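See structure below.
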Amino acid sequence: MLSGATQLVGLIGMPVEGSLSPAMQNAAFAARGLDWAYLPLPVEDGRLEDAVHGLAALGFSGVNVTAPYKLEAARLCGSELPSVNTLVVRQGRVEGFSTDAAILCGLPADRPVILGDGGSAAAFRAALPNARVFSRRGEWPADVADADLVVNATSERDDVLVALTKGQTLVDLPYPETATARAAREAGATVVTGLEVLVAQGAASFELWTGMPAPVAVMRAAIGLA
């Protein structure tokens, strides 16, 4: 139940109706006994500045930012990062952070490759400055033959973008799972799914907003992960 004391956070983007973040984050707040609520917040093209500047006035504690607004959100909040997916409101000021690449902790990344050139790709480029980057608006097709880690930061679901083999790891950002991920798994590669990525970045966002450890097991269960 929402009350006048409920702390509000949400998801800014377009579209947002298919996101699993509300279910995941609201389960996390309940598990920690917090009077918080996470809301989907669709923002029309051209209205992002209004939305970001209105967060403090509306009493929001923060939001996540998804496509297509991560690059623009970084600029609007004055972040030095190229892309942000988490905004935190502190003393009336909106601060930008990126938790997109939280999934990289513990993964091999000596020879990384990033596919894509949007906001999520920019976040992974910042986290993996030695990565080779391929996109259909730049260098393509991608050469991943000697990569140990491949990050699929595109929105492509149906086409197999690259062929991976045993000994390589694919971080596949979209969910549900893409054709690229299915082909990689069948070829013996390690696949980190978009749902795993969602939990990792969502847990980091939860901790930025609340200052409390995220209940990761609860978050995983809320979106159907074991």
Side-chain angles (χ1 to χ4, degrees), residues 2 6-32 34-77 79 81 83-90 94-103 116 118-124 153-155 157 172-176 193-212 214-216 218-225:
L2 301 182
T6 302
Q7 296 291 303
L8 297 176
V9 290
L11 176 65
I12 285 177
M14 182 57 74
V16 294
E17 61 266 19
S19 174
L20 297 177
S21 289
M24 180 180 72
Q25 295 288 4
N26 285 321
F29 296 145
R32 288 287 182 253
L34 297 174
D35 185 11
W36 286 55
Y38 188 104
L39 309 173
L41 303 168
V43 175
E44 297 288 346
D45 184 35
R47 301 302 302 274
L48 181 64
E49 185 171 2
D50 295 337
V52 170
H53 290 165
L55 292 173
L58 291 170
F60 273 74
S61 296
V63 291
N64 282 134
V65 182
T66 190
Y69 296 133
K70 295 180 180 183
L71 299 173
E72 188 179 357
R75 178 184 63 81
L76 288 172
C77 68
S79 175
L81 297 170
S83 166
V84 300
N85 75 322
T86 304
L87 302 181
V88 180
V89 181
R90 292 179 177 146
V94 179
E95 301 177 21
F97 301 86
S98 179
T99 68
D100 272 328
I103 194 66
S120 295
F124 278 89
T154 75
S155 59
R157 299 180 186 279
D172 193 50
L173 269 59
Y175 61 87
T193 69
L195 293 181
E196 298 281 0
V197 175
L198 179 68
V199 171
Q201 63 87 7
S205 295
F206 178 99
E207 292 173 1
L208 283 169
W209 294 323
T210 68
M212 300 176 66
V216 174
V218 170
M219 299 172 83
R220 292 176 60 84
I223 60 171
L225 290 174

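All residue numbers in this chain count up from 1 along the given sequence. Only a predicted model underlies this, so the values are computations on that prediction, with no experimental measurement involved.
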Other residues, nucleotides, ligands: >12 heavy atoms within 6.0 Å of Asp45 CG: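 Open: at most 12 neighbouring heavy atoms sit under 6.0 Å from CG of Asp45.
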CZ (Arg157) with more than 12 external heavy atoms under 6.0 Å: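 Correct, the count exceeds 12.
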Counting distance only, does the side-chain N/O of [X] pair as donor-acceptor with the main-chain N or O of [Y] below 3.5 Å?
| X | Y | result |
| --- | --- | --- |
| Asn64 | Leu11 | no |
| Tyr38 | Ala28 | no |
| Arg32 | Ala27 | no |
| Gln25 | Gly202 | yes |

Can you find a heavy atom in the side chain of [X] that is under 4.5 Å from one in the side chain of [Y]?
| X | Y | result |
| --- | --- | --- |
| Val16 | Leu41 | no |
| Leu173 | Phe124 | yes |
| Phe206 | Val9 | no |

Full working for side chain to side chain contact (heavy atoms under 4.5 Å, CB included) between Tyr69 and Val52: CA-CA 11 Å; Tyr69 296 133; Val52 170; over 6 Å; no
Residue pair Ser79 / Val84: nearest heavy atoms and the distance that separates them: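 That closest heavy-atom pairing would be OG-CG1, 3.8 Å.
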Rounded distance (nearest 0.5 Å) linking atom CG of Leu39 with atom CG of Asn26: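 Interatomic distance, Leu39 CG to Asn26 CG, rounded to 0.5 Å: 7.5 Å.
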Spacing of CD belonging to Glu72 relative to NZ belonging to Lys70, to within rounding of 0.5 Å: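 Nearest 0.5 Å value for the CD-NZ distance: 14.5 Å.
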For Cys77, the option from Val65, Val94, Val88 that meets side-chain contact (heavy atoms from CB on, under 4.5 Å):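 Option passing the side-chain contact (heavy atoms from CB on, under 4.5 Å) with Cys77: Val94.
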Modelled atom types, side-chain donor and acceptor of Thr6 and Asp35, under 3.5 Å: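 Short answer, yes.
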